[in-house]
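Taking it in order: structure first as structure tokens, then the write-up.
These numbers come from a predicted model, not from an experiment.
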Amino acid sequence: MTRFRSSRPKPSSHPGVRLVQKVSSTPAFAKVAPHLIPALDRAVHRLTRGKVLVSAQLLPGLVLTATGARSGQPRRTPLACMPEEDGGWILIGSNFGRSGHPAWTANLLARPDAEVSWKGADIPVTARLLTGEERAAVWKAALAFWPPYATYQARVEREIRLFRLSRREPAAGPAETPRSPASPPPTSG
């Protein structure tokens, strides 16, 4: 039984997607895209009051607001996602096939309570890093959903992190997670 939403066709069923997949698998794309796509998405998202992400015209997308692992400050990141039938999302920390893990993954590991902007609604979520058989099953679904993830993984030595975001009841504020008394104070993020 799949947990992923079937109401939206797989990206590969849209015209021109194979070309975009091919281009997005290139090393040149990995150098340029991380600087251009998020900036464009942030600007359009702000101008449309959270209703539009340019990159979501090809893949479903959301804006993640997570607390910086070191800074303790809110960090907004537009991301592609795989919506799930239960109303949650899968996030893939591919970083466009670049060597390091994306910063947002470290933020979620340090402080899993976050918020997503999804189709104009702000939704509190809790993130969980997927491991073992659960990760393997989701990775297989991610490769069927967007085949360039296989190229990204082949290009790097690290295992690409996968997170499941589950909806939660609203807390005191977006992306706030109480620190334990043993936690060091935030520095820079």
Any side-chain heavy atom of [X] sitting closer than 4.5 Å to one from [Y]?
| X | Y | answer |
| --- | --- | --- |
| Val63 | Leu79 | no |
| Trp146 | Ser94 | no |
| Gln153 | Leu143 | no |
| Arg128 | Leu130 | yes |

Subject >> side chain to side chain contact (heavy atoms under 4.5 Å, CB included) assessment of Phe163 paired with Thr105 >> reply: CA-CA 8 Å; Phe163 287 86; Thr105 67; 3.7 Å; yes
Do you know the tightest heavy-atom contact between [X] and [Y]?
| X | Y | result |
| --- | --- | --- |
| Arg168 | Ala114 | NH2-O, 3.0 Å |
| Leu165 | Ala127 | CD2-CB, 3.4 Å |
| Pro102 | Asn95 | CD-CB, 3.7 Å |
| Pro60 | Phe145 | CD-CZ, 3.4 Å |
| Trp89 | Pro83 | CD1-CA, 3.9 Å |
| Glu159 | His101 | O-CE1, 3.2 Å |

Please report the interatomic distance [atom1]([X]) to [atom2]([Y]), rounded to the nearest 0.5 Å.
| X | Y | atom1 | atom2 | answer |
| --- | --- | --- | --- | --- |
| Thr65 | Asn107 | OG1 | CG | 11.0 Å |
| Ile92 | Cys81 | CD1 | SG | 8.0 Å |
| Thr131 | Arg161 | OG1 | CZ | 12.5 Å |
| Thr126 | Arg164 | OG1 | CZ | 13.5 Å |
| Ser99 | Glu157 | OG | CD | 9.0 Å |
| Tyr149 | Met82 | OH | CE | 8.0 Å |

Original post:
What do the steps show when you test Tyr152 against Ile160 for side chain to side chain contact (heavy atoms under 4.5 Å, CB included), and what is the final call?
Top reply: CA-CA 9 Å; Tyr152 297 167; Ile160 290 176; 4.1 Å; yes
Original post:
Is there a donor-acceptor contact under 3.5 Å from the side chain of Glu115 to the main chain of Leu64?
Top reply: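 It does not hold such a pair.
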Original post:
Between the side chain of Arg135 and the main-chain N/O of Leu162, is any donor-acceptor distance below 3.5 Å?
Top reply: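 Not a single qualifying donor-acceptor pair exists.
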Original post:
Does any donor atom in the side chain of Ser71 or Arg75 lie under 3.5 Å from an acceptor atom in the other side chain?
Top reply: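 Per modelled atom types, Ser71 and Arg75 side chains form a pair under 3.5 Å.
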